[in-house]
Amino acid sequence: MASWTARRSPRLGRFGQLVLLWVLVELWILNIADLLLTRYSLWLGFAKESNGVMDYFFRSGTVPAVAFKIGIVTIGTLLLWRLRHYRTALFAAALLTGVFAAVVVYQALWVLSF
Amino acid sequence: MPGSLTGGAGAAAPDPPAPLTLIAPPERHQSWVRALLLSGIVLLAGAVLGAAGFGFEQSRATWRPQVTATSGGWRISTSHGLRLGGSALGGDHLAWEAGPFTLLTDLRSGRSRLLGAAATAGSASAPSISDRFVVWLEAPASSAGAAVVWVYDIARGRRTRLDHVQGISRSPVVSGATAVWETDAAGPPQIRGADLVTGRRFSLGASGGAADLIISGTLVAWAAGRLDPTAPPVITVVDLTDGRRWSIAPYAAAQGNDLLGLALAGRTLVWERASPATQIDQILAYDLDRASVKTIAQAADLVAPAADGDLVVWAQPSAGGGTQVSGVRLGGSEPFPIASVSGGGVRSVLIGGRTVAWHVADAWLFDTYLQTARLP
């Protein structure tokens with residue numbers, strides 16, 4: 001896997017790795033914001049968790065949901081950081097962060113509109 | 001003898017040590033900042049996408065009503081062809097139903113908010129409102145799913161699911177913090193209730209299939225038909241404080257009358273009796289404590305009454321071709337006019353505190369609106 005990635009993905013320079021680091025920090029913070037907004041929307045009663053996996057954990061309780069959501073994203077960001085020498089890691093992190101930012105802003109505006 | 005520690009005149013002085021610094025070189029610091037700015041662009045792009053999606057969704061929201069200020073209150077109408085349904089007045093708020101949507105309009109600001117949307121092809125019942133809570137029922141499109149009684153806490157802005165209601169059910173109603181609803185989940189239809197603050201549940205027993213269910217203060221009333229179609233329905237009133245019950249026949253048997261609308265004005269039960277034979281409708285008031293009945297209004301094509309406190313309001317055709325919204329205080333005053341409506345027919349009237357509202361339906365099916373006015 002590593003050798004395939006090394007062959008196919010161009011190397012990422014030191015500046016690119018700095019960008020990746022910031023993007024991963026933003027991704028981690030956005031994940032917390034998503035968790036808080038989702039929990040608040042569920043508490044308000046106006047939203048339903050559409051992600052089946054998260055719905056299972058939310059039904060199990062807040063602590064399992066928090067542990068799973070923070071844990072899975074932390075593992076994901078660490079994995080991407082482990083692959084920081086490859087440009088593909090930066091593209092993947094940027095895509096994830098962009099999507100997360102869109103979801104969080106949408107949720108925030110939605111909550112504020114109520 | 002040990003040598004001197006100082007160098008001689010010919011010794012070269014050592015170079016001063018380079019100053020220590022903890023500050024990163026400027027170019028390294030700049031690269032961190034540039035990296036942060038670049039990652040911020042990714043964040044910004046996502047945020048703009050999310051905001052645009054939200055704006056697009058809101059612009060296409062079919063539930064958003066058209067609310068315009070009038071000299072006496074507000075005129076509220078739906079858009080996108082949504083049909084205006086049942087509504088209720090409480091305090092400074094108007095709760096109403098439009099298609100699958102349940103909405104709440106603040107009568108101080110005119111702003112509306114969406115309280116609920118029934119599932120695709122599902123339906124929402126007419127909401128009921130008190131000073132603090134709104135309750136309504138959302139039913140799925142198929143009878144296989146369970147209907148849900150929802151409660152919205154106006155002060156906290158929070159919506160909670162109250163109870164699953166199986167099978168045929170009637171609109172839940174609320175007064176103060178007490179909600180009651182009908183359910184036939186476990187056998188024959190029953191009236192159940194809950195204190196929305198303490199969560200205490202209670203049952204008022206079999207309803208016999210309530211056609212109208214109302215609550216005011218501690219009194220709950222409902223009308224249920226009988227097996228004999230010629231027999232009048234029975235109105236049952238229960239006082240929640242002591243469990244006292246009344247059973248009232250709204251008209252004599254074999255008269256061919258209809259019961260249209262039921263309301264509680266304090267401890268007085270008010271209903272409309274429609275007589276197809278004489279074409280004359282009557283609004284009657286029955287004092288539960290004195291067991292006495294009196295006629296409040298009598299005319300053709302009366303609109304079912306609404307009541308709050310000791311005030312009863314209704315609508316009736318006026319001589320000029322329009323509709324007159326009128327009211328009377330049960331304390332003994334004469335009926336007084338509240339508003340004249342020209343163009344369109346008044347379908348229902350509402351009263352809540354010092355605010356009166358009426359639902360007008362024009363000739364066009366979807367050209368309907370709610371008009372509110374403050375009593376002097």
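The chains referred to below are lettered A, B, ... by the order of the sequence lines, with proteins before strands, and numbering in each begins at 1. Just so you know, these numbers use all the heavy atoms, side chains as well, and skip hydrogens, waters and symmetry mates.
- In this structure, chain B has a heavy atom under 4.5 Å from the side chain of Leu30(A), while its backbone stays farther away.
- Contact of Val103(A) with chain B is not made at all, since no heavy-atom distance falls under 4.5 Å.
- Counting heavy-atom pairs closer than 4.5 Å to chain A, the top-ranked of the candidates Leu44(B), Leu43(B), Leu38(B) is Leu43(B).
- Interface check for chain A: of the options Leu36(B), Leu49(B), Val42(B), the most heavy-atom pairs under 4.5 Å are formed by Leu36(B).
- Note that Arg159(B) lies in the cation-pi zone of Trp150(B), set by a 6.0 Å cut-off to the ring centre and a 45° limit from the axis.
- The most heavy-atom pairs under 4.5 Å with chain A, out of Ala35(B), Gly116(B), Ala47(B), Gly53(B), come from Ala35(B).
- Annotation for Pro172(B) and Leu137(B): closest pair CD-CB, 3.6 Å, computed over non-hydrogen atoms.
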| message | For a salt bridge (charged side-chain N to carboxylate O under 4.0 Å, His left out) check, start with the C-alpha distance between Lys69(A) and Asp34(A), then their side-chain angles and the critical distance, and finish with the verdict. | response | CA-CA 10 Å; Lys69(A) 190 158 171 65; Asp34(A) 179 43; 2.8 Å; yes
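- A cation-pi contact links Arg34(B) to Phe15(A), judged by a cut-off of 6.0 Å to the six-membered ring centre and 45° from its axis.
- A heavy-atom distance below 4.5 Å is not found between the side chains of Arg39(A) and Glu49(A).
- For the set Gly50(B), Ser39(B), Gly157(B), the entry with the most heavy-atom pairs within less than 4.5 Å of chain A is Ser39(B).
- In this structure, a donor-acceptor pair under 3.5 Å is absent between the side chains of Ser112(B) and Arg64(B).
- Looking at Leu20(A), neither its backbone nor its side chain comes within 4.5 Å of chain B, counting heavy atoms on both sides.
- In this structure, the portions of Ala51(B) lying under 4.5 Å from any heavy atom of chain A include both its backbone and its side chain.
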